[in-house]
Amino acid sequence: MNESLEKYPPNFIRSIIERDIADGKNSGAVITRFPPEPNGYLHIGHAKAICLNFGMAKDFDGTTYLRFDDTNPLKEKVEYMEAIKKDITWLGFEWREVRHASDYFEQLHNFAVRFIKDGKAYVDSLTADEIRAYRGTLTAPGKNSPHRDRSVEENLDMFARMRAGEFPDGEHVLRLKIDMAAPNINMRDPTIYRIRHTEHHQTGDAWCIYPMYDYTHCLSDSLEGITHSLCDIGFEDHRPLYDWVLDELAMNAHPQQIEFSRLNLQYTMMSKRKLKLLVDEGIVDGWDDPRLPTIAGLRRRGYTPESIRDFCRRIGVTKSDNNVELALLESCLRENLEATAPRVMGVIDPVKVVITNYEEGQVENLTSANHPKDESMGTRSVPFTRELYIDRADFREEANRKYKRLVSGSEVRLRNAYVIRADEVIKNDGDEIVEIRCTFDPDTLGKNPEGRKVRGVIHWVSAPHSLQAEIRLYEPLFTDDFPDASDKDYHDLINPNSVTIRQGFVEQSLESSEAGKQLQFEREGYFCLDSNDSKPDKLVFNRTVGLRDTWAKIEKR
RNA sequence: UGGGGUGUCGCCAAGUGGUAAGGCACAAGGUUUUGAUCCUUGCAUGCGCAGGUUCGAAUCCUGCCACCCCAGCCA
């Protein structure tokens, strides 16, 4: 993929950065950060943020920090941090440095003490419920806490004792003293520290008070010298608080927070909380289940980093609500795989074909191109024998002229091999076809027969040489196109056919295929070996995505 | 009902006062030993609605309308 093509097309964030550079703001530097909380796996919505943060910085010769927003030890795990790093790297991005919000705990604490000394923060001893009641509502102003006017000395003393562990969880909090009547609820004396007697995955038992997001994020950004702090639109009305904290502290660096809208993708959900439920309830196979929109799931399914980056570029960056069609993601995938995936043959729903005029025991090694347009991908040898498998959908006893496959009494081309004619059908007691007896025309290898036109081409494998394989076909996990927006419980929206298991046969050359390597099963779609379940003696393939299927559309009419 | 946002083709999205890019999807045709790919063509007298300013408005002004987000000691 061309470097310049990888650049983001025009968008409002790019415009802001360009203007800042032109104005000489930040001496022309562009420093961004990707700040995930390690409380779950990354999904395609995060990919949008990753591509934006890393991509934008790269486009302007800037750099990007990976910062774990680890201010809530109750929900976070090192396992998630490792998974996040792996996913970002796999997507093709390099961070300048890994940081943690917890790296700044000491500085954050010092700033808090400064706020107290300046009379701009106080220890509140109301319960959580009382704080909520005092906050007021969307339309009614809040009331001042009775503890709001504690003296600086008392606040200092109590905050020190909070840190020293003298109080149980929930007994006190530290709040900023702003304005309980502010129309923006985020400005009604936000809580910035709470007591949590919990071990932290990075700082161990060094702390029993932990700073909250709004307070931590802006200061972490400032301390790192972030120039453009890109976040999702949910934080738009937190921006006044972001700016307030930095202004009150007169921080040297005051990053600019810019909000963009989250990705909404058809037939899936992006909420980390709900994804975790799907995993915890066993509705899916784990965070890397190929039906999930997680980066790990997409990877296991067979998606490529290039296709995901391309997708993120094509969906653009705006502040408007969006409902992106799955077809766009799939189109990016197919475009990438069309060019890069070697072709092979695999039969998903096999039925036996016997070529009655082909000598028993004979084996011809036919040469097949690995790609129809890219000769550099080379060729491979595919064995042809008397007994083959073809797909059930590629044979009909009767059909009209639109059907261009094998029909009783007529001919079809076997891909990369001969033209055959169907002579006889053998069925079992259940009226199910068990064998199709055919004859082949030996003069049709690499050339068209004389005097007649053969319209169809179907794929096949040699019965004695092919390898048995489990093939997993996927459909969307949800039946509703935007399950997150549905009124119904998500359990009632699960697609019962989200995975279909088939026992098929694939050509011999796949014996040594590696997990995750993309292949095209000709006429079927793109597949890869499952990284978790495939074994040398039990191959398991995931269908990443099917080929565009014009025939299915015609047939539907 | 307070505050903050958003409204350009079925979906995404450029556009920043000079007469509606592009992609996906869809449709029609051509090539083809993948009903794939590729190629060609078509697809908004119109930019939430109504007024106004202007020679000229998706872009500026006014007033409406619709939708989304916010009341964690989560991020």
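Values in this document were obtained by computation on a predicted structure and should not be read as measured data. In the text below, chain A, chain B and the rest are named by the order of the sequence lines, each starting its count at 1.
Closest contact between the side chain of A/Arg343 and the listed nucleotides B/U34, B/G72, B/G35 involves B/U34. Among the nucleotides B/U37, B/U6, B/A71, the one closest to the side chain of A/Lys373 is B/U37. Checking B/G2, B/U6, B/U34 against every side-chain atom of A/Ser320, the shortest atom distance belongs to B/U6. Nearest to the side chain of A/Val457, among B/G35, B/G2, B/C74, sits B/G35.
Taking the nucleotide of RNA chain B with the nearest heavy atom to each of A/Tyr403 and A/Asn322, the more 5' of the two is matched to A/Asn322.
OP1 and OP2 of B/C70 both lie 4.0 Å or more from every side-chain N or O belonging to A/Arg239. Taking side-chain N and O atoms only, A/Arg523 has a distance below 4.0 Å to OP1 or OP2 of B/G35. A sub-4.0 Å separation between OP1 or OP2 of B/A75 and a side-chain N or O of A/Arg194 is present. The phosphate of B/C73 has OP1 or OP2 within less than 4.0 Å of a side-chain N or O from A/Arg135. Within the structure, a side-chain polar atom (N or O) of A/Thr550 is placed less than 4.0 Å from OP1 or OP2 of B/A36. The phosphate of B/A71 has neither OP1 nor OP2 within less than 4.0 Å of any side-chain N or O from A/Thr137.
Atom CD1 of A/Ile348 and atom P of B/U34 are 18 Å apart (whole Å). For the pair A/Arg132 CZ and B/C73 P, the interatomic distance rounds to 7 Å; values are reported in whole Å. When rounded to the nearest whole Å, the span between CD of A/Gln257 and C1' of B/G4 equals 12 Å.
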Set out, in order, the CA-CA distance, both residues' side-chain angles and the distance that settles side-chain hydrogen bond (donor to acceptor under 3.5 Å, both in side chains) for A/Arg343 and A/His371, then state yes or no. CA-CA 6 Å; A/Arg343 270 57 169 175; A/His371 190 106; 3.1 Å; yes

I would like to know whether A/Arg239 and A/Trp244 meet side chain to side chain contact (heavy atoms under 4.5 Å, CB included); could you show each step before the answer? CA-CA 8 Å; A/Arg239 185 168 9 109; A/Trp244 189 92; over 6 Å; no

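Ring planes of A/Tyr210 and A/His200: parallel class, angle under 30° (limits at 30 and 60°).
No side-chain donor-acceptor contact under 3.5 Å links A/Thr444 and A/Arg413. Looking only at atom types and distance, the side chain of A/Asn39 has a donor-acceptor partner in the side chain of A/Lys272 under 3.5 Å away.
Taking the C1' atoms as reference points, B/A20 lies 25 Å from B/U62, given to the whole Å. Between B/U16 and B/U59, the two P atoms lie 12 Å apart (nearest whole Å). Look at the C1' atom in both B/G7 and B/A58: the space between them is 12 Å, to the nearest Å.
In this structure, A/Phe521 has its ring center closer than 6.0 angstrom to the ring center of A/Phe527. Taking the six-membered ring where the residue is Trp, the centroids of A/His172 and A/Phe159 are separated by 6.0 Å or more. Ring to ring, A/Phe235 and A/His217 are not that close: their centroids are 6.0 angstrom or more apart.
A cation-pi arrangement is present between A/Arg163 and A/Trp207 under the rule of less than 6.0 angstrom and at most 45 degrees off the ring axis.
Remark: ring of A/Trp551 overlaps the six-membered base ring of B/G35 in a stacked fashion, centroids less than 5.5 Å apart, planes less than 30° apart.
Less than 4.0 Å separates RNA chain B from at least one heavy atom of each of the following residues of residues 68-77 of chain A: A/Asp69, A/Thr71, A/Asn72, A/Lys75.
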Where protein sits on nucleotides 23-28 of chain B, one letter per nucleotide: B base, S sugar-phosphate only, - none, heavy atoms under 4.0 Å: SBSSSS

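Among A/Arg188, A/Arg175, A/Arg148, the one residue that satisfies the salt bridge (charged side-chain N to carboxylate O under 4.0 Å, His left out) test with A/Asp124 is A/Arg175.
In textbook terms, a nucleotide whose glycosidic angle is within 90° of 0 is syn, and B/G72 is one such case.
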